[in-house]
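Whatever order the structure lists them in is the order used to number ligands and atoms, beginning at 1.
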Amino acid sequence: MIEISQLVFEYPGHRALDGVSLRIAAGSVTALVGPNGAGKSTLMRCIAGLEQPLSGQIRVQGIAVQEQPREVHRHLGYLSDFYGLYDRLRVERCLQYSALAMGVAADRVDARVRQVAAQLGLSELLQRYPTELSRGQRQRVAIGQAIVHQPGVLLLDEPASGLDPEARSSLSQLFRQLQAQGMTLVVSSHILSELDEYCTHILAIRGGRIESHEALHAAAPVDSASASAQALYALEIAPSGADAEPRLRQALQDSGVQVQEQVQELDATGMRPTLLWLPASPAARAQWLARMVQSGVAVAGLAPVRERLQDRYARTAGTAGSSGGHGAPQTAPSHAQEQA
Ligand SMILES: Nc1ncnc2c1ncn2[C@@H]1O[C@H](COP(=O)(O)OP(=O)(O)OP(=O)(O)O)[C@@H](O)[C@H]1O
């Protein structure tokens, strides 16, 4: 778990982090997003104890980073956006060196190196030099170095940059595996559709300040079901004649709910779900549903869906329409319903 309070960091003549306070829950996977120069790398470097902040506190797994940076390193893995590998050490040596540097007991190092190599698909490459590897393979070695000491927290700065789609997909799989093992991950990337696959939280930063920090729930948790809380749902209607769609549109308008999107692609049942913001309160949602049925809408299904990361970012960070802008995170074209 990571706790930061009132963090201020300045480069000479430039304040890069300005009063950042946040709490990252254990076992979460946080997408750290924001435009170029927002302060993402600086924040990661501060958490990793590689920069000395002007003021504020950072604790990783309860350990104060500024006071005990070396102790923190035993609990933390960090992959920098511009990482280097020791080109004169074979992959096996690179991993052994990192393990020893991070405090793995000498008699456990070889076992850990073998485990990490197997996990990252590096077992066949252990006797190669980094200069003999592809970019994706080098990236995996760098990640291996960051996790060889089994840290509780892993920080990854643009881990997928320069990787082909296959390598990106295996990286996503690896992150899911690490999360399943209980690791807390913070991942920065400009490609939101990719983070969407495995992130549980989104942390948006801009101009050195936190813009938003939210959980990406499939639906609002029951205890937040206040009268105004809303959650995203996919509504399916059965094909019931030519007036089915106009009737649906009218009923939606009359009920006053906000339509997020009419999904263009047909789903497995041949229907086009509509994504809607509905009351998070089950009782209020049941009332709404009863009204829809009374209006003659042939409701075939209603399921909670997770809002796409890029939609959430646009909604909460106020960057809608700037997806092609300089330095803004990339958004993917609209795609079919994402059932939770
Ligand atoms: N060594 C440095 N000296 C002075 N200013 C710096 C230095 N490194 C970064 N900055 C400035 O600090 C701010 C935050 O930089 P940072 O690298 O943390 O941003 P970022 O969000 O990671 O950007 P990107 O998405 O481009 O990687 C920027 O305005 C940048 O120009």
Asp87 and Arg138 ion-paired at < 4.0 Å: yes
Students should find this: residues with any non-hydrogen atom under 4.0 Å from ligand 1. What is the answer? Tyr11, His14, Ala16, Pro35, Asn36, Gly37, Ala38, Gly39, Lys40, Ser41, Thr42, His190
What closest approach, in Å, do Leu85 and Pro130 show between heavy atoms, and which atom pair accounts for it? CD1-CB, 3.9 Å
Is any side-chain heavy atom of Pro151 closer than 4.5 Å to a side-chain heavy atom of Met183? yes
Closest approach of Leu252 to Met292 (non-hydrogen atoms, all atoms of both residues): CD2-CE, 3.5 Å
I'd like to know whether CZ of Arg176 has more than 12 heavy-atom contacts from other residues, nucleotides or ligands below 6.0 angstrom. yes
Does atom CZ (Arg108) have a neighbourhood of more than 12 heavy atoms from anything else shown, all under 6.0 Å? no
